[in-house]
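Encoded as structure tokens, the structure appears first; notes follow it.
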There are 2 protein chains.
Amino acid sequence: MKIRVAQKPPDAYQHGDLREALIDAGVKLLTEGGLAQLSLRAAAQLAGVSHGAPYRHYRDKAALVAAIAERGFRTLTKAMRDELERSGARKAGRKLTALAVGYVAFATAHPAYLQLIFGSGLSKEDAPESLRAAGEEAYLVLRDVVEAGIRAGELRKGDTDEVALACWSLVHGLSMLFIHGAVPKPETAKLERALTERVVLLLGEGIEV
Amino acid sequence: MKIRVAQKPPDAYQHGDLREALIDAGVKLLTEGGLAQLSLRAAAQLAGVSHGAPYRHYRDKAALVAAIAERGFRTLTKAMRDELERSGARKAGRKLTALAVGYVAFATAHPAYLQLIFGSGLSKEDAPESLRAAGEEAYLVLRDVVEAGIRAGELRKGDTDEVALACWSLVHGLSMLFIHGAVPKPETAKLERALTERVVLLLGEGIEV
DNA sequence: CCTACCGATCGGTAGG
DNA sequence: CCTACCGATCGGTAGG
């Protein structure tokens with residue numbers, strides 16, 4: 001005889017929005033165990049439903065993955081916007097620094113999102129439209145700042161997308177190196193922020209004589 | 001009665017070096033199907049041996065993954081050194097550009113390596129010593145160029161590791177964005193190279209006025 | 001939304 | 001280095 005242990009989380013969703021609850025569960029799995037731990041079945045269990053239930057809301061696993069990635073983009077966009085506002089920056093250089101700090105903080109706080117967005121088989125072609133849009137929105141936060149900076153004469157003249165690409169690459173790369181542990185990760189959020197600011201400053205001023 | 005179809009590749013390894021053959025197989029799996037397709041069993045099949053055989057050479061799956069990642073680092077190091085030599089660059093700015101071109105070319109030619117190195121659970125702590133050393137060697141190629149550049153007065157004075165971190169972040173981020181398709185990937189290697197050079201130039205000269 | 005089931009794959013081990 | 005086996009997990013579907 002098998003003892004049946006209650007595995008349903010005490011506060012699983014209650015008839016409410018299983019669709020959202022599954023995303024929550026997926027994020028949790030991702031955060032705690034990485035990409036390999038993300039499965040529809042485990043998400044269903046975490047949400048307190050049977051493993052057949054998710055198919056009422058998602059056609060297949062890829063659909064849930066896309067939904068999680070979409071939320072990731074939205075969270076990232078918000079993190080950047082919040083930091084931008086919080087900083088009260090008015091000049092392009094300061095604004096870009098704020099965006100960078102927001103991006104890196106998001107990345108190190110939720111490494112699973114970046115792993116999912118950039119690490120899974122989600123390539124741009126077969127991504128659902130809403131996911132593509134969420135990614136585009138995040139990019140536009142950066143692009144707008146760059147464009148305004150060039151127009152205001154605070155950034156050197158140049159192709160807006162190319163300058164934005166340089167900023168994005170720098171910050172994304174820094175985030176990935178932090179996440180992977182390739183760089184000794186600063187021990188406090190404050191130190192992380194300071195290092196991020198110095199690295200961004202290098203892009204601002206240039207490293208050559 | 002079951003028809004037995006020959007699944008052994010015609011030119012699988014022959015009693016030679018199964019250890020190396022399994023790495024080859026793993027790289028192939030990774031390249032063709034991404035991280036999710038990498039399994040010890042599939043690698044064994046590709047190498048033409050039974051699925052129990054790999055355990056004679058690798059304690060577990062993680063050991064094979066580490067071996068593949070190590071080869072990835074060595075290939076990357078070679079790609080950077082080759083491009084550096086090929087360029088004939090003598091000044092730091094040109095050298096850094098060459099390293100960047102080599103890095104990005106490696107990344108887009110072998111996206112699976114970067115996915116494995118930076119995307120799997122290989123964190124710095126539990127990595128075998130040889131893997132850590134291979135990663136360090138790749139970093140030193142960059143660091144040496146930066147250090148020499150600062151000493152020669154071709155790069156602004158500053159913390160060597162911090163400047164190197166900025167370079168690495170920029171190039172790594174650019175590579176990841178290319179791989180993921182977040183940026184419209186240049187259609188030819190020549191265009192990719194040109195874009196990489198322009199982005200690196202932005203770091204060299206700075207984007208602020 | 002559940003139970004029961006399918007085929008497939010996996011990591012790993014025993015025993016030779 | 002092979003065969004045979006283990007327990008586990010997975011995505012997905014049928015049928016209710």
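All values below come from the heavy atoms of this structure, side chains included, with hydrogens, waters and symmetry mates left out. In what follows, every chain begins at residue 1, and chains take the letters A, B, ... in the order their sequences are listed.
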State whether A/E136 and A/R132 are salt-bridged, where the test is any N-O pair (Lys NZ or Arg NE/NH1/NH2 against Asp/Glu carboxylate O) under 4.0 Å.
-> no

Once Watson-Crick and G-U wobble pairs under 3.5 Å are found, how is DNA chain C written in dot-bracket notation, 5' to 3', with | for any base paired to another strand?
-> ||||||||||||||||

Base, sugar-phosphate, or nothing: which does A/S39 touch, judged by heavy atoms less than 4.0 Å apart?
-> sugar-phosphate

Restricting to nitrogen or oxygen on both sides, can you table the protein-nucleotides 12-16 of chain C pairs closer than 3.5 Å?
unit_1 : atom_1 : unit_2 : atom_2 : d
C/dG12 : OP2    : B/K61  : N      : 3.0
C/dG12 : O6     : B/R41  : NH1    : 3.2
C/dG12 : O6     : B/H51  : NE2    : 3.1

Taken to the nearest whole Å, CG/A/L38 to P/D/dT9 is 16 Å

Would you call the rings of A/Y113 and A/F106 parallel, tilted or perpendicular if under 30° counts as parallel and over 60° as perpendicular?
-> parallel

Atom-to-atom span, CD of A/Q37 to P of D/dG11 - whole angstrom | 11 Å

Can you label the angle between the B/H172 ring and the B/Y103 ring as parallel, tilted or perpendicular, going by 30° and 60°?
-> perpendicular

Look up atom CE in A/M80 and atom CG in A/L140, then write down how far apart they are to the nearest 0.5 Å.
-> 9.5 Å

For the residue pair B/F118 and B/W168, categorise the inter-ring angle as parallel (less than 30°), tilted (30 to 60°) or perpendicular (more than 60°).
-> perpendicular

Could you please spell out the steps behind the salt bridge (Lys or Arg N to Asp or Glu O under 4.0 Å) verdict for B/R86 and B/D82?
-> CA-CA 6 Å; B/R86 209 181 73 76; B/D82 285 354; over 6 Å; no

Is there a donor-acceptor contact under 3.5 Å linking the side chains of B/T77 and B/E137?
-> no

Might you work through the side chain to side chain contact (heavy atoms under 4.5 Å, CB included) test for B/V199 and B/L203, ending with a clear yes or no?
-> CA-CA 7 Å; B/V199 168; B/L203 175 61; over 6 Å; no

